Amino acid sequence: MARVVNEQEYKQKRTEILNTAQKLVYTIGYEQMTIQDILDEMQMSKGAFYHYFESKSALLEALISHMLHGVVDVLQPIVEDPDLSGLEKLNKYFENAASWKTARKPFFLALLQSWYSDGNTIVRYKSERASICLVKPMMNQMIAQAIEEGTMHTEYPEFAAELVFNIFLGLGEDMVQHVLSPDPDPDFKRMLLAHTSAIERVLGTEPGKLVFMDPDFLDEWREPIKNE
């Protein structure tokens, strides 16, 4: 008779698989990583693996979700900080989100090309929708505070967070191309400033008060590419 696995054991084993997959993405890259690599690393059977993930694409989707919940744990204390204004919270939120990604740069660089490939379009879309569900409540809380404090002015506060998120999504693919391309767009920094201006207009902030990304930030990400 097969052993019954309770919910806690299931979650624990699933997390172990995700952590192993993340380590393999770091070391050999997502495209090179196979399910067999995970099985060998964990000394588990293929049947056991498919009890937790039905495919490599499902594993990728879960891996992204796993990472997103990790960044929420980092950012939520900023949202709840009673000593920060709403505008200060947003700027610190963007800064810490960028720092969190930089600390995991090898993982993201290993994942980016496959993440934006045609084969992952559906997975990427589903993960983006999951992302906004996690981010939107935090963004709404900070925006509402800033509106109350008078540093933001928008007639549509209930839609502001989603609009800001969609601006980020629109910039995302261009950011990836800038990082990975041997010939980056020389106008990218101006494009980044244009997106910042668009977010300022959506939120009704004074120009220059909101800094969601240092224009030199992505140049740091290009360094491993240039040095290969």
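Note that the structure is predicted; figures quoted are calculated from it, not measured.
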Legend entry - Chi angles and distances behind the side-chain contact (heavy atoms from CB on, under 4.5 Å) call for Lys209, Asn91: CA-CA 9 Å; Lys209 294 291 186 181; Asn91 281 330; 5.9 Å; no
Legend entry - Derivation and outcome, side-chain contact (heavy atoms from CB on, under 4.5 Å), residues Val164 and Met139: CA-CA 9 Å; Val164 169; Met139 292 286 291; 3.7 Å; yes
Inset, instruction - Go through the steps for Thr27 and Met33 under the test side-chain contact (heavy atoms from CB on, under 4.5 Å), then give the verdict. - result: CA-CA 9 Å; Thr27 53; Met33 180 189 72; over 6 Å; no
Legend entry - Worked check of side-chain contact (heavy atoms from CB on, under 4.5 Å) between Met138 and Gln76: CA-CA 7 Å; Met138 294 190 290; Gln76 188 66 47; 3.2 Å; yes
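Among all heavy-atom pairs drawn from Ser55 and Ile35, the shortest one is C-CD1, 4.5 Å. Between Phe53 and Ala58, the shortest heavy-atom distance links the atoms CD2-O, 4.2 Å. Between Lys101 and Phe108, the shortest heavy-atom contact is O-CD1, 3.7 Å. Counting all heavy atoms, side chain and backbone alike, Gly208 lies closest to Val211 at O-CG2, 4.4 Å. The two residues Ile143 and Ala160 have their closest heavy-atom pair at CD1-CB, 4.0 Å.
Between atom OG1 of residue Thr196 and atom CG of residue Leu192 there is a gap of 5.0 Å, rounded to the nearest 0.5 Å. Interatomic distance, Gln32 CD to Thr34 OG1, rounded to the nearest 0.5 Å: 10.5 Å. Atom-to-atom distance recorded for Thr205:OG1 and His153:NE2 is 9.0 Å, nearest 0.5 angstrom. Rounded to the nearest 0.5 Å, atoms CD (Glu54) and CZ (Phe49) are 10.0 Å apart. To the nearest 0.5 Å, atoms OG (Ser131) and NE2 (His69) are separated by 10.0 Å. One finds the NE2 atom of His66 at 6.0 Å from the OG1 atom of Thr15 (value rounded to the nearest 0.5 Å).
No donor-acceptor distance shorter than 3.5 angstrom exists from the side chain of Asn96 to the backbone of Val71, with no hydrogens or angles considered. Thr151 contributes a side-chain N or O that, together with a main-chain N or O of Ala146, makes up a donor-acceptor pair within less than 3.5 Å. Looking only at distances, a side-chain donor or acceptor of Asn6 sits under 3.5 Å from a matching main-chain atom of Glu9. Formation of a donor-acceptor pair under 3.5 Å by the His51 side chain with backbone atoms of Gly47 is not found in this model. Lys56 places a side-chain N or O within 3.5 Å of a backbone atom of Tyr30 that can act as its donor or acceptor partner. In this structure, the side chain of Glu149 engages the main chain of Gly86 through a donor-acceptor pair within 3.5 Å. No side-chain donor-acceptor contact under 3.5 Å links Ser197 to the backbone of Leu193.
Residue pairs that meet the salt bridge (Lys or Arg N to Asp or Glu O under 4.0 Å) test with at least one member in residues 18-46, sequence neighbours left out, are Lys23-Glu41.
Judged as a side-chain contact (heavy atoms from CB on, under 4.5 Å), and not counting sequence neighbours, the contacts of Ile132 are Arg129, Lys136, Glu162, Phe165. In this view, Lys11 and Glu7 satisfy the salt bridge (Lys or Arg N to Asp or Glu O under 4.0 Å) rule, not counting sequence neighbours.
Residue-environment remark: CD (Gln36) exceeds the threshold of 12 foreign heavy atoms within 6.0 Å. In Gln8, the CD atom is not crowded: 12 or fewer heavy atoms of neighbouring residues, nucleotides or ligands sit closer than 6.0 Å. Annotation: Glu16, atom CD; neighbour count of heavy atoms from other residues, nucleotides and ligands within 6.0 Å is above 12.
In this structure, Leu75 and Ile78 have side chains that are in contact, with non-hydrogen atoms separated by less than 4.5 Å. Residues Gln145 and Met152 form no side-chain contact, since every pair of their non-hydrogen atoms from C-beta on lies 4.5 Å or further apart. Under the 4.5 Å side-chain criterion, counting only non-hydrogen atoms from C-beta, Val135 is in contact with Tyr93. Counting heavy atoms from C-beta on, the side chains of Glu88 and Asp81 never come closer than 4.5 Å. Taking the side chain as every heavy atom from C-beta outward, Lys92 and Met142 never approach each other to under 4.5 Å. Residues Leu18 and Tyr52 form no side-chain contact, since every pair of their non-hydrogen atoms from C-beta on lies 4.5 Å or further apart. Residues Leu171 and Met191 are in side-chain contact: their nearest non-hydrogen atoms beyond the backbone lie under 4.5 Å apart. Here the side chains of Leu63 and Val25 are in contact, with some heavy-atom distance below 4.5 Å.
Taken together through direct or relayed side-chain contacts under 4.5 Å among Ile, Leu, Val, Met, Phe, Trp and Tyr, Tyr125 and Leu59 form parts of separate hydrophobic clusters.
Ring orientation note: the planes of Phe168 and Phe94 are tilted relative to one another, at an angle of 30° to 60°.
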